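I have placed the structure first, in the form of structure tokens, so that the comments after it can refer back to it.
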Amino acid sequence: MEDQAGKAIVIVDDEMSFTDLLGRLLGEHFQCPILTFSNPVTALETIPLLDIGMLVTDYYMPHLNGIELIRGAIARSAIAPPCVLITGHALDEDSDIARMACFKGILAKPFRWQQLASLIEQHWPADAPSPLRPGAVSLHR
């Protein structure tokens with residue numbers, strides 16, 4: 001299942017309409033595969049089959065929260081992809097997750113998709129081709 005087009009952005013949030021919208025918005029800016037999951041358990045089972053450039057996950061989800069998903073992804077993968085946690089609830093950035101090398105930030109909902117795009121650009125793996133679409137203006141400043 002690994003995509004030959006390069007590293008993917010993986011978005012996990014139990015609100016399917018949110019992941020669909022975010023995937024479409026990011027898809028207009030990035031040329032890399034953007035994979036969305038509304039079930040964190042399915043995402044965790046699929047992650048070892050993917051070449052991930054950035055993992056974006058909601059915190060509060062049924063069956064598995066975002067931190068558990070990130071820890072599970074690390075345990076099941078050879079390398080830990082850069083991760084961003086999105087949430088509508090207040091979280092302590094000094095938590096255990098914030099000390100993980102792969103953790104790149106928390107975005108509080110609601111946020112502008114450009115904020116997430118900027119984080120993706122900033123933390124995209126250096127050994128991978130740029131995820132930007134040709135002609136897209138970088139949002140990372």
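The shown structure was predicted, so the numbers you read here are calculated from the model rather than taken from an experiment.
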For [X] versus [Y], what's the shortest heavy-atom pair and its separation?
X      : Y     : value
Leu55  : Ile52 : N-CG2, 3.9 Å
Val84  : Met54 : CG2-SD, 3.7 Å
Ser38  : Pro40 : O-CD, 3.9 Å
Thr36  : Gly23 : CG2-CA, 4.3 Å
Lys104 : Pro82 : CG-CB, 3.9 Å
Lys109 : Asp13 : NZ-OD2, 2.7 Å

Find the distance between [atom1] ([X]) and [atom2] ([Y]) and round it off to the nearest 0.5 Å.
X      : Y      : atom1 : atom2 : value
Ile9   : Ile120 : CD1   : CD1   : 4.0 Å
Ile67  : Tyr60  : CD1   : OH    : 8.5 Å
His140 : Leu119 : NE2   : CG    : 9.5 Å
Phe37  : Asp58  : CZ    : CG    : 15.0 Å
Leu21  : Ile11  : CG    : CD1   : 9.5 Å
Cys102 : Ile70  : SG    : CD1   : 6.0 Å

Pairs under 3.5 angstrom only: tabulate donor-acceptor contacts from the side chains of residues 125-134 to other protein residues two or more places apart or in another chain.
unit_1: Ser130; atom_1: OG; unit_2: Leu132; atom_2: N; d: 3.2
unit_1: Arg133; atom_1: NE; unit_2: Gly27; atom_2: O; d: 2.8
unit_1: Arg133; atom_1: NE; unit_2: Phe30; atom_2: O; d: 3.4
unit_1: Arg133; atom_1: NH2; unit_2: Gly27; atom_2: O; d: 3.0

Item to check | Passing option when Val10 is tested against Leu50, Thr57, Leu69, Val56 for side chain to side chain contact (heavy atoms under 4.5 Å, CB included) | outcome: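 Per the side chain to side chain contact (heavy atoms under 4.5 Å, CB included) rule, the option paired with Val10 is Leu50, out of Leu50, Thr57, Leu69, Val56.
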Next on the checklist: Could you check whether any side-chain N or O of Glu68 sits under 3.5 Å from a backbone N or O of Asn65, counting only pairs where one atom can act as donor and the other as acceptor?
Outcome noted: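 Yes; judged by distance alone, with no hydrogens or angles, the pair exists.
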Next on the checklist: Tell me if a side-chain donor or acceptor on Gln114 pairs with a main-chain N or O of Leu139 at a distance below 3.5 Å.
Outcome noted: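 Checking the backbone N and O of Leu139 against the side chain of Gln114, no donor-acceptor pair under 3.5 Å is found.
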Item to check | Side-chain heavy-atom pair Ile47, Arg76 within 4.5 angstrom cut-off | outcome: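 When only atoms from C-beta onward are counted, Arg76 and Ile47 do not touch, as no gap falls below 4.5 Å.
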Next on the checklist: Quick check on the hydrophobic clustering: are Leu44 and Met16 connected, directly or via other members, by side-chain heavy-atom contacts under 4.5 Å?
Outcome noted: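 In one cluster with Leu44: Met16, no.
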